[in-house]
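Right, one structure below, let's go through it.
In what follows, chains carry the letters A, B, and so on, assigned in the order in which the sequence lines appear, proteins first and then strands, with residues in each chain numbered from 1.
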Amino acid sequence: MSDKYQPSQFEKKWIKKWEKDKTYHTYDIKGKEKMYVLDMFPYPSGAGLHVGHPRGYTATDILSRYYRMNNYSVLHPMGWDAFGLPAENAAVKAKKNPIDIVPLNIANFKRQMQMLGFSYDWSREFSTTDPAYYKWTQWLFIQFFKMGLLYKKNTPINYCPKCKTGLAEEEVLANGTHERCGNVIEKKDLSQWLFRITAYADRLLKDLDGLQWPKGILEMQRNWIGRKEGININYRVLSQDDSLKILSRLNSSRLARLKQKVVQNFSSSSYQTIDKITCFTTRPDTNFGATFIVIAPEHGFVEKILNPKSQILNKFEISKSKREEIKKYVDQAKSKSQIERETEGRKKTGVFTGFYAINNLNGRLLPIWISDFVLMGFGTGAVVGVPGHDRRDFEFAKEYKIPVIRVVVGADKDNSEITKKEQVQEDEGIMINSQFLDGMDIHKATIKIMDYLEEKGWGKRKVTYHLRNWIFSRQRYWGEPIPMVYCQNCAINKRNYWNVKTGKEIKKNIEYGILNLESIPNSKFQILNSDLYGWFPLSEDKLPLELPYVKSYEPGESGESPLANIDSFVKTTCPNCGGPAKRETDTMPNWAGSCWYFIRFAQNQKSKIKDQSKESTSIENWKLEIENSAKNWLPVDWYFGGAEHAVLHLLYSRFWVKALQDLKLLDFSEPFLRLRNVGMVLAEDNHKMSKSLGNVINPDEVVKEYGADTMRMYEMFMAPFSQEIAWSTKTLQGVHRFLIRVWNIFQEFRIQNLEFRINKNTEDKKLINKLNQTITKVSQDITAVKYNTAIAMMMEFLNEWEKTCNMKHETCNIKNKNMSLRGSDPAKRGSDEAIPLTTDNAKKFLKILAPFAPFITEEIWRDVFNEKQSIHLSTWPKVEEIEMGDVEITIPVQVNGKLRGTVKIQNSEFRIQNLVVEKALKDENITKYLEGKKYRVIYVSGKILNIVLTGNI
RNA sequence: GUCGGGGUGGCGAAAUGGCAGACGCACUAGCUUGAGGGGCUAGUUCUCGCAAGAGAGUGCAGGUUCGACUCCUGUCCCCGACACCA
């Protein structure tokens, strides 16, 4: 064995040995505590791992190794998220079928992960693209369908013209582009499968409270779900006659207008109502200040007034020119993309419909406007305008000269007229001009007015969400085929899954308890949705529905998936009537596979299910898997990955788990207990790494030059774990030097005589104390995911070890590898004084280093210490109380809080305050500040002495 | 605009009420080496000083405390997410 640290000489050897010995195999729990440590599995791109990947993977590897050494049963698996747009787009570019490319990429990823020494149990590896896996994904889809959680709807959806597929709301960025390709999203009408994730909005929100996740991610999920409590208020749209009547009365009373008073003697029955507009508001307390109503261009009322045949126009004449004006505005607004609306700024535009509604509270006439600042997708698509207390409403009112009324006075007591945007009062305050609300604070008033409106039947409390139902169809080839069949004959006869009484299926549903939809909060599943006529799930024994291997799989222009062109795939028979039928040709989004892979890892026991492709998808088999294994491991204890999944994968998989819990297919409600985000690794030039900038660092090259341990330790040492950080080859070299020094100092144990190695009497007490501190610190830091400081502490220890070594034995200049002990005098070399640490204690240091640097520690463990079993299966060292003896400790001394000196005192005496003070007063540098002054003394035992001057004597 | 994270040497950073700058990088000087590289020793927050030492110092302004990077109030700036959400 060479003197020098040359990782390339032994790293490959240990990779093979660990694999052969199944060192990292997951064993049954057997009375131990379990620990499920998981990485967000990657999609295996053709480029291989970039240096960002190992940052997260090393962190989970350290945790896994730490828990193993602390006698936990650890599940630490890895797999491949290989379906979906990224893989498919890459394959399209390479002009190869993804089915052929993906396995090559996987092999490369796996090689690199093994190269880095990650302790995954590879026996549990799978890819989401394995039919043996996705048949279960399809099976789950069917269960969700049966419980009424999926529906089909022809709806305008976000469509990426470049990727030629529909997308979920979550996949569209704020600027209206596709999160994967950056292309601008269009709206397109497509018939889509949708998940009723909104039925779970409240639970998805509430359960966030119990999770140990980064605050930011929790907030992002809360915002995305966007729960708002408010009230839907119904406004009566008045007939033309009544509108004019009130208007003229108002005009005749200048005083009334000026004082913002309203018509008297109105009553709910005295006017003719021709329609109703419902507005959602979270601030009903301000409703006495409402002066207009705005509806979205897509609102149903717009349709009514533009249609010449509409009944409503019998009671309200609207001129042709007015109608054209309205139509022009609406058409313009609808054609504007999100980006266009953005770039135009927030300038308010709109058009008056000519219609008025009445505010039941005070009889005020509210002109009804149309504006694109009101979104059809939120609330009711209609807003009641309170310009005094909402900035957007104010901007709109200013633009169209609509009156502004103040109904809240803020803390500044300012009750002046609101004429500028800065005066708009959105904060806390006291009600005025609001009749029976006057004098209340806004919160009290909100409750009071809601009660009142409900009592009168004018409104109803309502909770709305930002969260939309999840569009689950993709018009692409590379995804799980959706296991649904459409039968036109059955559709014509209005047959669907639920109203066909085949007995057998219904019985199963009862068994699941899933037809009892009342048990699911907020669910208003419309199972008999007419869009579902003719749709039937595949019989479970027909799974997997395999993705056919085809030559041409490029997405088409038709808005259909390439599968639609394959007759042999499309044509099938109806599971209900047996007649000719068509398969669904859309596929699932790439999120489908990652929604439940962590469950599969926990189920996946190849010893029990020898040939997984033969395992049939049935509820019995699912439950067997859960009982046999998965329930012991789940949920995931530690989950590591990038923050970019905050509202995508992390929300979707939480949703699936809750649905599975309702199906009684799982018995927990949250998949990931602890979540940690890994910070991005930037290039050395502080830019994102990219091929075009030529600044990409390749892990293969780093490992080749410095070894895997250096790479691992550097990535943990570079910065706090969740922080974004630029690559630094210099810092990497610093870490490499540390490992060289570790190597060198342990070489000494190779040549010492055994008797010296175990001679406790020669040990250095201070060094042992430092070792104990290091063990404690490293143990704490690992579970706190503070690897940078854990490594710093180990470096500190090594520094002290070397120093002690050199002090004890002048010829033993251990840091200097060119001057190794081998060259020094053999007689001195073996002397007691040269050994500040026994073998046992040296091994402790090696053990705490092992999770960080598995190769070098294994090599030393086996080769220097001749151990027969892997260091990674050894036991984590315990801190042993040592007799320190009466050593000297140092106590800092402050005068008036400023450090002026220190006193040294024996360990046995530091508790005696008088003694410490006495010693301090012998220091001239301290007493010179005290001369002629009165003072008092604050002594924190063993920590600090502060002498506080209180005045002159 | 809202929410979240952050602001400490030349750089990455430590320290969560008790000696600010651990650890690493970079830098300086000396030693070692045929050279390059590497290694070793010492130093390295800033200002003044040969030094001993003194003063200042954790974005800014206040406050609490014997003592504040740490807690409180206000304010500025940077990063990230969301954003015409009624």
Side-chain angles (χ1 to χ4, degrees), chain A residues 173-175 214-220 222-224 226-228 230 279-284 286 294 296 341-342 344-348 371-375 377-386 389-393 395-396 426 464-466 643-644 646-647 677 680 714 717-720 722-735 737-738 740-741 744 786 788-799 802 806 813-819 890-902 925 935-940 942-950:
Chain A
L173 299 180
N175 64 8
K215 250 191 184 168
I217 302 286
L218 291 173
E219 274 313 298
M220 280 158 78
R222 286 192 185 106
N223 290 341
W224 187 259
R227 186 181 198 275
K228 297 254 162 67
C279 298
F280 175 74
T281 178
T282 55
R283 290 293 305 276
T286 62
V294 205
R341 289 191 189 186
E342 196 84 357
E344 280 169 16
R346 301 273 157 91
K347 194 172 184 315
K348 298 289 179 287
S371 173
D372 64 1
F373 87 85
V374 177
L375 309 173
F378 188 81
T380 57
V383 174
V384 52
V386 185
H389 305 283
D390 182 289
R391 270 187 234 187
R392 296 174 312 255
D393 292 352
E395 284 168 14
F396 191 81
E426 293 181 327
T464 62
Y465 300 89
H466 172 257
E644 68 274 14
V647 289
N677 290 129
M680 213 196 312
Y714 164 60
F717 184 65
M718 64 203 313
S722 60
Q723 188 178 303
E724 185 176 276
I725 184 77
W727 187 266
S728 159
T729 304
K730 288 290 182 187
T731 304
L732 173 91
Q733 286 165 344
V735 173
R737 275 196 280 276
F738 167 73
I740 291 172
R741 287 158 52 206
N744 289 343
K786 288 167 75 176
N788 54 331
T789 49
I791 292 170
M793 188 68 183
M794 290 191 276
M795 286 173 165
E796 256 185 80
F797 173 73
L798 182 65
N799 289 347
E802 285 174 338
N806 295 345
N813 193 345
I814 239 136
K815 266 192 166 175
N816 189 344
K817 69 178 177 193
N818 296 326
M819 220 176 95
T890 306
I891 289 166
V893 182
Q894 298 180 328
V895 179
N896 274 351
K898 278 202 167 78
L899 184 74
R900 295 300 180 187
T902 57
N925 206 17
Y935 59 83
R936 66 192 176 96
V937 161
I938 288 163
Y939 179 58
V940 183
K943 278 208 165 157
I944 200 158
L945 176 69
N946 193 4
I947 301 170
V948 186
L949 303 180
T950 52

Counter-base of [N], judged by Watson-Crick or G-U geometry with both distances under 3.5 Å:
N	value
B:C82	B:G1
B:G10	B:C25
B:U45	B:A56
B:G36	none
B:A51	none
B:A20	none
B:A68	none

When all nucleic acid strands are considered with a 4.0 Å heavy-atom cut-off, which category describes [X]: base, sugar-phosphate, or nothing?
X	value
A:Asn946	base
A:Asp393	nothing
A:Val948	sugar-phosphate
A:Thr789	sugar-phosphate
A:Arg222	nothing
A:Glu219	sugar-phosphate
A:Arg391	nothing
A:Arg227	nothing
A:Ile217	nothing
A:Pro720	sugar-phosphate
A:Asn788	sugar-phosphate

Return the value, rounded to whole Å, for the distance between atom [atom1] of [X] and atom [atom2] of [N].
X	N	atom1	atom2	value
A:Lys730	B:G24	NZ	P	16 Å
A:Lys228	B:U2	NZ	P	14 Å
A:Phe717	B:A14	CZ	P	10 Å
A:Ile791	B:G12	CD1	P	19 Å
A:Arg283	B:C84	CZ	P	20 Å
A:Lys898	B:A68	NZ	C1'	13 Å
A:Phe378	B:C82	CZ	P	17 Å
A:Asn799	B:A42	CG	C1'	15 Å

Item to check | A:Tyr714 side chain vs A:Ser728 backbone, donor-acceptor pair below 3.5 Å | outcome: yes

Next on the checklist: Which heavy atom of A:His466 sits nearest to which heavy atom of A:Trp224, and what is that distance?
Outcome noted: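 The pair with the smallest heavy-atom distance is ND1-O, 2.7 Å.
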
Checklist entry - At their closest point, which heavy atom of A:Phe738 faces which heavy atom of A:Met794, and how far apart are they? => result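 Residues A:Phe738 and A:Met794, closest heavy atoms: CE1-O, 3.8 Å.
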
What I'd like to find out is whether the side chain of [X] reaches to under 4.5 Å of the side chain of [Y], using heavy atoms alone.
X	Y	result
A:Asn223	A:Glu219	yes
A:Arg741	A:Leu798	yes
A:Leu218	A:Met220	no
A:Tyr939	A:Ile891	yes

Checklist entry - Any cation-pi pair here, A:Lys348 with A:Phe373, using under 6.0 Å and within 45°? => result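 Yes, a cation-pi geometry holds between A:Lys348 and A:Phe373.
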
[X] side chain N/O closer than 4.0 Å to the phosphate oxygens (OP1, OP2) of [N]?
X	N	answer
A:Arg737	B:G39	yes
A:Lys215	B:G4	no
A:Arg900	B:G55	yes
A:Asn925	B:A52	no

Euclidean distance for [atom1], [N] against [M] (whole angstrom):
N	M	atom1	answer
B:G63	B:U58	P	15 Å
B:G7	B:C71	P	11 Å
B:G57	B:U75	P	24 Å
B:C79	B:G59	C1'	15 Å
B:A81	B:A14	C1'	29 Å
B:U28	B:G17	P	40 Å
B:C46	B:G10	P	7 Å
B:A29	B:G74	C1'	48 Å

From C-beta outward on [X], which listed nucleotide comes closest to its side chain: [options]?
X	options	value
A:Ala792	B:C25, B:C66, B:A22	B:A22
A:Gln894	B:C19, B:C40, B:A22	B:C19
A:Asn223	B:A86, B:C3, B:G18	B:C3
A:Met220	B:G18, B:A81, B:A86	B:A81
A:Met795	B:C23, B:C19, B:A86	B:C23

Checklist outcome for this item: Comparing nearest nucleotides in RNA chain B, the 5'-proximal residue of the pair A:Gly379, A:Ile938 is A:Ile938

Checklist outcome for this item: Result for 5'-nearest mapping on RNA chain B, choosing between A:Ser728 and A:Ile944, is A:Ile944

Next on the checklist: Syn if the chi torsion is within 90° of 0, anti otherwise; quick check, which is B:G4?
Outcome noted: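 Anti, which is what one calls it when the glycosidic angle falls more than 90° from 0.
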
Next on the checklist: Once hydrogens and angles are ignored, does a donor-acceptor distance under 3.5 Å link the base of B:C19 to the side chain of A:Lys943?
Outcome noted: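 Looking at the base of B:C19, it does not pair with any donor or acceptor on the side chain of A:Lys943 (distance under 3.5 Å).
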
Checklist entry - Are A:Arg737 and A:Val735 close enough, and set up right, to give a side chain to side chain contact (heavy atoms under 4.5 Å, CB included), and what steps lead you there? => result CA-CA 5 Å; A:Arg737 275 196 280 276; A:Val735 173; over 6 Å; no

Checklist entry - Of all residues at least two apart in sequence or in a different chain, which pass the side chain to side chain contact (heavy atoms under 4.5 Å, CB included) check with A:Asn946? => result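 With neighbours one apart ignored, the set is A:Gln894, A:Ile938, A:Val948.
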
